[in-house]
Structures are given as C-alpha cells and as structure tokens.
Amino acid sequence: QVQLLESAGGLVQPGNSLRLSCATSGRASSTLTMGWFRQSPGKEREFVAAIRRSDGHPYYANSVKGRFTISRVNAENTMYLQMNNLKADDSAVYYCAATGVNYALSAMSRAESYDYWGQGTQVTVSS
C-alpha cells in the first residue's frame, strides 16, 4: 500500500516562495507517476503539476508555469514542489497524488488518473 505524506504548508506573503515535499512509503517513488493538485473552498480540485514515472518529464498547469517547479529525488523517495512568486490565488489545500501507471501527459492532469493521495496541506498567500 502506497502512503504519501506531505510536508507542512504555511502562510506566506505574496511574491515569496515556499517548497512542499511529498514522501512516499510502500513503493519506490521511481515507479510512480506523481503529481500535485490543489483545492480552495467552493472550487473543484485542480491540477497543478505532475512528473512522469518513466522519464521524469514534468507537466504544469498554465496558471503555475514559470513559477512552480516539480522535481523528484528517487534516492529519498520524495517529490518536491518549489513555488515561487506566490499569489493570493495560489492559496489552497495542496494534495500529493501518485499512480503506478505511466500515463501520457494529457492524462496526468486528471485527478481520476491517480490511485493514491496524501492528506493535504494548507498554503495561504496573504499579506
């Protein structure tokens, strides 16, 4: 059984940075396609970024492209999301997700593609 554990989020000011991590257990992260999703009150869960199992290819939502970077350190079984130039609209609960399937990029943005989820961590961007 795969378990995902996100690091604590936090409160940051607009324009600042924050890094989230997602540690995997029960299966090596190198065998997983992993992603980040977020959800704010009254909104559906939305795709943020993902990294493909086979080649580590990253995939980003347009809203975060150029500001967020997803990465994976297989030796640590950990995935990271570096978030720079944060905006108020980035405030949400962020979820780590994983699947053993090596999806095409188009499928990596769909929440239903993922089998395992973390508990979520709150990120609030406010002055």
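As a basis for the values below, the full set of heavy atoms in this structure was taken, side chains included, without hydrogen atoms, waters or symmetry mates.
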Using 0.5 Å steps for rounding, measure from the [atom1] atom of [X] to the [atom2] atom of [Y].
| X | Y | atom1 | atom2 | value |
| --- | --- | --- | --- | --- |
| Q119 | L5 | CD | CG | 5.5 Å |
| T33 | Y103 | OG1 | OH | 8.5 Å |
| W117 | T99 | CH2 | OG1 | 10.5 Å |
| L18 | Y94 | CG | OH | 9.0 Å |
| Q1 | D115 | CD | CG | 10.0 Å |

- Query: So do the side chains of C96 and M34 get within less than 4.5 Å of each other, counting heavy atoms only?
  - Reply: yes

For residues [X] and [Y], report the shortest heavy-atom separation together with the two atoms involved.
| X | Y | answer |
| --- | --- | --- |
| Y95 | G118 | CD2-O, 3.7 Å |
| A107 | S113 | O-OG, 2.7 Å |
| P14 | S127 | CD-N, 3.7 Å |
| H57 | M108 | O-CE, 4.1 Å |

- State which residues pass ring pair (Phe, Tyr, Trp, His ring centres under 6.0 Å) with F47; sequence neighbours excluded, sorted by chain then number. F37, Y59

- Under the side-chain hydrogen bond (donor to acceptor under 3.5 Å, both in side chains) rule, what pairs show up with a residue in residues 10-23, not counting sequence neighbours? S7-S21, S17-N84

- Evaluate side-chain contact (heavy atoms from CB on, under 4.5 Å) for M83 paired with W36, printing each intermediate quantity in order. CA-CA 12 Å; M83 303 184 291; W36 291 96; over 6 Å; no

- Sequence neighbours left out, what passes side chain to side chain donor-acceptor pair (under 3.5 Å) with T31? Give chain and number order. R27

- Residues passing the salt bridge (Lys or Arg N to Asp or Glu O under 4.0 Å) test with R52, sequence neighbours excluded, are D55

- Task: Please identify each residue that fulfils salt bridge (Lys or Arg N to Asp or Glu O under 4.0 Å) with R67, with sequence neighbours left out.
- Result: D90

- Should Q122 and L11 be marked as a side-chain contact (heavy atoms from CB on, under 4.5 Å) after you check the CA-CA gap, both sets of side-chain angles, and the distance that decides it? CA-CA 8 Å; Q122 178 70 48; L11 171 64; over 6 Å; no

- Message: Checking R38 against V123 for the side-chain contact (heavy atoms from CB on, under 4.5 Å) test, could you report, in this order, the C-alpha distance in whole Å, the side-chain angles of both residues, the deciding distance, and whether it holds?
- Response: CA-CA 9 Å; R38 65 188 182 187; V123 173; over 6 Å; no

- Look at atom CD of E112 and say whether more than 12 heavy atoms of other residues, nucleotides or ligands are closer to it than 6.0 Å. yes

Could you pull out every donor-acceptor pair under 3.5 Å between side chains of residues 70-78 and any protein atom, sequence neighbours left out?
{"residue": "R72", "atom": "NE", "partner": "N74", "partner atom": "OD1", "Å": "3.0"}
{"residue": "R72", "atom": "NH1", "partner": "L32", "partner atom": "O", "Å": "3.1"}
{"residue": "N74", "atom": "OD1", "partner": "S29", "partner atom": "OG", "Å": "3.3"}
{"residue": "E76", "atom": "OE1", "partner": "Y80", "partner atom": "OH", "Å": "2.6"}
{"residue": "N77", "atom": "OD1", "partner": "S29", "partner atom": "N", "Å": "3.0"}
{"residue": "N77", "atom": "OD1", "partner": "S29", "partner atom": "OG", "Å": "3.4"}
{"residue": "T78", "atom": "OG1", "partner": "E76", "partner atom": "O", "Å": "2.8"}

- Message: Applying a strict under-4.5 Å side-chain criterion to I, L, V, M, F, W and Y, I'd like to know whether L86 and V93 cluster together.
- Response: no

- Would V101 and Y114 count as a side-chain contact (heavy atoms from CB on, under 4.5 Å) if you check the C-alpha gap in whole Å, the side-chain angles of each, and the deciding distance to 0.1 Å? CA-CA 8 Å; V101 180; Y114 295 84; over 6 Å; no

